[in-house]
Amino acid sequence: MTAELFNQMAQSIIDGERDKAVHLAKESLEKKVDPLESITAGYLPGVNSVGSAFACGDAFLPELVMAGEAMKAAMAVLEPVMKANDSQLDIAGKIVIGTVEGDIHEIGKSLVGTMLMSSGFEVYDLGVNVPVAKFITKAEETGASLVGVSALLTTTMAKQKDLIDEVRRKNLPIKIMVGGAPVTREWVDRIGADGYAEDAFGAVEVAKELMEKIK
Ligand code: HCB
């Protein structure tokens with residue numbers, strides 16, 4: 001039953017059917033399906049499928065755009081429920097998040113933000129296309145000791161290094177966690193990031209570990 005719903009969710013993303021994706025998200029909430037499971041087991045396989053098709057030339061930019069819009073619309077239905085479910089938690093720490101300059105991919109970054117929020121973090125989401133200086137200013141302004149930086153393009157990953165270099169150069173007490181589809185362990189070691197996570201679950205764990213080191 002749920003498996004069928006998840007299949008339909010994935011298909012709605014593959015077909016770029018925004019309304020269908022939203023309808024299924026609402027249906028899942030009525031059926032009391034865990035919203036995070038709907039995202040990870042339902043919609044994400046669809047997003048990954050479109051991404052793979054795009055990579056090998058079987059899908060084109062319009063399909064990518066439509067899949068992204070459908071995913072965003074479904075998340076807009078599910079995220080408020082995820083946030084509300086865990087609103088009673090103590091603050092685990094403050095974190096600034098965003099996607100680097102030149103990069104407008106926002107779905108993964110937002111999912112990480114929602115998961116962190118649901119786990120008790122106070123999250124300052126700067127959105128996409130965020131310059132290095134803005135991450136630093138926001139962390140200083142809010143007193144956040146953690147910054148989570150996403151990059152989805154091999155051409156924009158270098159901005160993660162720029163941020164780390166700037167934080168080190170200014171000797172700021174800020175830890176940097178990086179992520180995004182092209183980010184590998186080798187890249188993380190090369191740029192000297194404090195933490196790395198492959199997905200939103202991992203991001204929460206890494207953020208908690210880094211907070212322990214800061215305390
Ligand atoms: Co985009 N795109 N795209 N895209 N896109 C990718 C990323 C490719 C890999 C597709 C491919 O070729 N296979 C590719 C990048 C290739 C590369 O550089 N290696 C690509 C390309 C090339 C492009 C354009 C250049 C296409 C063009 O214009 N010719 C263009 C770039 C625009 C720009 O940014 N300047 C572009 C545009 C788009 C949109 C706008 C159509 C759309 C984004 C819509 C939106 O976000 N509002 C889009 C989409 C949807 C994708 C794919 C299909 C999905 C990305 C996504 O949302 N994944 C993606 C292919 C793919 O990744 N499978 C494709 C789902 C999320 C949940 O995963 O990896 O973002 P995630 O996040 C995870 C994880 O990485 C981790 O946790 C998250 C949650 O589990 N994580 C963190 C992320 N950030 C973290 C931070 C932390 O601190 C810790 C963990």
Side-chain angles (χ1 to χ4, degrees), residues 9-10 13-14 16 18 21 36-76 78-79 82 93 95-119 121 123-130 135 139 144 146-160 163-164 174-185 187-188 191 193-211:
M9 285 170 166
I13 302 298
I14 293 166
R18 186 183 180 285
L36 184 61
E37 215 186 329
S38 293
I39 292 172
T40 53
Y43 296 107
L44 275 184
V47 170
N48 289 333
S49 165
V50 175
S52 305
F54 180 78
C56 45
D58 290 337
F60 300 95
L61 193 55
E63 278 117 306
L64 206 59
V65 173
M66 285 166 71
E69 289 303 315
M71 177 79 195
K72 252 179 74 179
M75 286 197 25
L78 299 173
E79 276 184 335
M82 287 164 69
I95 180 164
V96 172
I97 62 166
T99 304
V100 295
E101 190 169 16
D103 198 326
I104 60 167
H105 293 87
E106 66 179 331
I107 295 167
K109 177 270 302 163
S110 299
L111 189 53
V112 167
T114 302
M115 287 288 291
L116 286 167
M117 216 178 279
S118 304
S119 307
F121 281 85
V123 179
Y124 299 90
D125 187 344
L126 296 175
V128 298
N129 195 21
V130 182
F135 281 109
L146 214 54
V147 175
V149 202
S150 303
L152 267 287
L153 300 170
T154 38
T155 48
T156 58
M157 282 164 70
K159 296 284 176 188
Q160 293 182 326
L163 174 60
I164 291 165
I174 297 172
K175 300 237 181 264
I176 312 282
M177 171 171 72
V178 296
V183 175
T184 59
R185 173 60 58 192
W187 171 249
V188 174
I191 64 177
D194 298 296
Y196 157 64
E198 268 183 31
D199 57 31
F201 297 100
V204 171
E205 290 312 308
V206 172
K208 284 182 180 167
E209 280 166 25
L210 291 174
M211 283 311 298

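First listed ligand is number 1; within each ligand, the first listed atom is number 1.
- Taking any N or O of Glu106, backbone or side chain, at least one lies under 3.5 Å from an N or O belonging to ligand 1.
- For CE of Met211, the number of neighbouring non-hydrogen atoms (other residues, nucleotides, ligands) closer than 6.0 Å is greater than 12.
- Of the heavy atoms in Ala181, both backbone and side-chain atoms come closer than 4.0 Å to ligand 1.
- Not a single heavy atom of Ala67 lies less than 4.0 angstrom from ligand 1.
- For Thr99 (side chain) and His105 (main-chain N/O), a donor-acceptor pair under 3.5 Å exists by modelled atom type.
- Checked by atom type and distance alone, the side chain of Asn129 never pairs as donor or acceptor with a backbone atom of Glu101 at under 3.5 Å.
- Here the closest heavy-atom approach between residue Gln160 and residue Gly179 is recorded as NE2-O, 3.2 Å.
- When all heavy atoms of Gly180 and Leu152 are compared, the closest pair comes out as CA-CD2, 4.0 Å.
- With hydrogens left out, the protein atom closest to atom 83 (C) of ligand 1 is Gly180 N, 3.4 Å, a heavy atom.
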Assess the residue pair Val112 and Ser150 against the criterion (side chain to side chain contact (heavy atoms under 4.5 Å, CB included)); give the C-alpha distance rounded to whole Å, side-chain angles, the decisive distance to 0.1 Å, and a yes or no. CA-CA 10 Å; Val112 167; Ser150 303; 5.7 Å; no
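- Annotation: atom 57 (O) of ligand 1 to nearest protein heavy atom, Ile107 CB, 3.3 Å.
- Looking at Glu63, its side chain does come within 3.5 Å of a backbone N or O of Phe60 through a donor-acceptor pair.
- Among residues two or more places apart in sequence or in another chain, the side-chain hydrogen bond (donor to acceptor under 3.5 Å, both in side chains) test is passed with Ser110 by none.
- Looking at Val183 against ligand 1, nothing comes within 4.0 Å, counting heavy atoms.
- Between Phe135 and Ile176, every side-chain heavy-atom pair lies at or beyond the 4.5 Å cut-off.
- Between Ala203 and ligand 1, no N or O atom pair is found at a separation short of 3.5 Å.
- Protein heavy atom closest to atom 86 (C) of ligand 1, with residue, atom name and distance, is Ser150 OG, 3.4 Å.
- Checking only distances, Thr154 does come within under 3.5 Å of ligand 1, N or O to N or O.
- For Tyr124 (side chain) and Ala144 (main-chain N/O), no donor-acceptor pair under 3.5 Å exists by modelled atom type.
- Distance check: Asp199 CG to Thr40 OG1 gives 9.0 Å after rounding to the nearest 0.5 Å.
- Nearest protein heavy-atom neighbour of atom 65 (C) of ligand 1: Leu44 CD2, 3.7 Å.
- Residue-to-ligand polar distances place Met177 within reach of ligand 1: an N/O pair is separated by less than 3.5 Å.
- Results of the side chain to side chain contact (heavy atoms under 4.5 Å, CB included) test with Ile164 over Val149, Ile174, Ile191, Val147 single out Ile191 as the only residue that passes.
- What you find for Lys109 and Ile97 is that their closest heavy atoms are O-CD1, 3.6 Å.
- Applying the 4.0 Å criterion to heavy atoms of Val65 picks out, from ligand 1, the atoms 41 (C).
- Residue contacts with ligand 1: Glu198 is included, with a non-hydrogen atom under 4.0 Å away.
- Taking every non-hydrogen atom of Ala55 and a distance limit under 4.0 Å, the qualifying atoms of ligand 1 come out as 11 (C), 12 (O), 13 (N).
- Closest approach of Ala70 to Ala21, counting heavy atoms only: O-CB, 3.8 Å.
- What sits closest to atom 40 (C) of ligand 1 on the protein, heavy atoms only, is Ile104 CD1, 3.9 Å.
- For ligand 1, the polar-atom distance check finds no N/O of Lys72 at less than 3.5 Å from any of the ligand's N/O atoms.
- When distances from atom 8 (C) of ligand 1 to the protein are checked, no heavy atom turns up under 4.0 Å.
- Protein atoms of type N, O or S found under 2.8 Å from atom 1 (Co) of ligand 1 total 1.
- Residue-ligand proximity, Gly148 to ligand 1, at heavy-atom distances under 4.0 Å covers atoms 88 (O).
- Smallest separation of non-hydrogen atoms from Met157 and Val183: CE-CA, 4.4 Å.
- For atom 68 (O) of ligand 1, the nearest non-hydrogen atom of the protein is Gly108 CA, 4.1 Å.
- Contact annotation for atom 37 (C) of ligand 1: protein present (non-hydrogen atoms, distance under 4.0 Å).
- For the pair Tyr43 (side chain) and Met75 (backbone), a donor-acceptor distance under 3.5 Å is absent.
- Residues Lys159 and Asp103 are not in side-chain contact: their nearest non-hydrogen atoms beyond the backbone lie 4.5 Å or more apart.
- Contact record, Phe121 with Leu146: CE2-CD2, 4.3 Å, taken as the closest heavy-atom pair.
- Protein heavy atom closest to atom 90 (C) of ligand 1, with residue, atom name and distance, is Ala197 O, 3.4 Å.
- Looking at Asp103 against ligand 1, both its backbone and its side chain come within 4.0 Å, counting heavy atoms.
- The Leu61 neighbourhood of ligand 1 comprises atoms 26 (C), 27 (C), 28 (O), with distances under 4.0 Å to a heavy atom of that residue.
- Within the 4.0 Å heavy-atom criterion, the part of Val178 lying near ligand 1 is the backbone and not the side chain.
- Proximity of Met82 to Met115: side-chain heavy atoms (C-beta onward) are separated by under 4.5 Å at one or more points.
- At least one heavy atom of Gly102 sits less than 4.0 Å from an atom of ligand 1.
- Heavy-atom proximity to Val149, at under 4.0 Å, picks out these atoms of ligand 1: 86 (C), 88 (O).
- The single protein non-hydrogen atom nearest to atom 58 (N) of ligand 1 is Val47 CG1, 3.6 Å, given as residue, atom name and distance.
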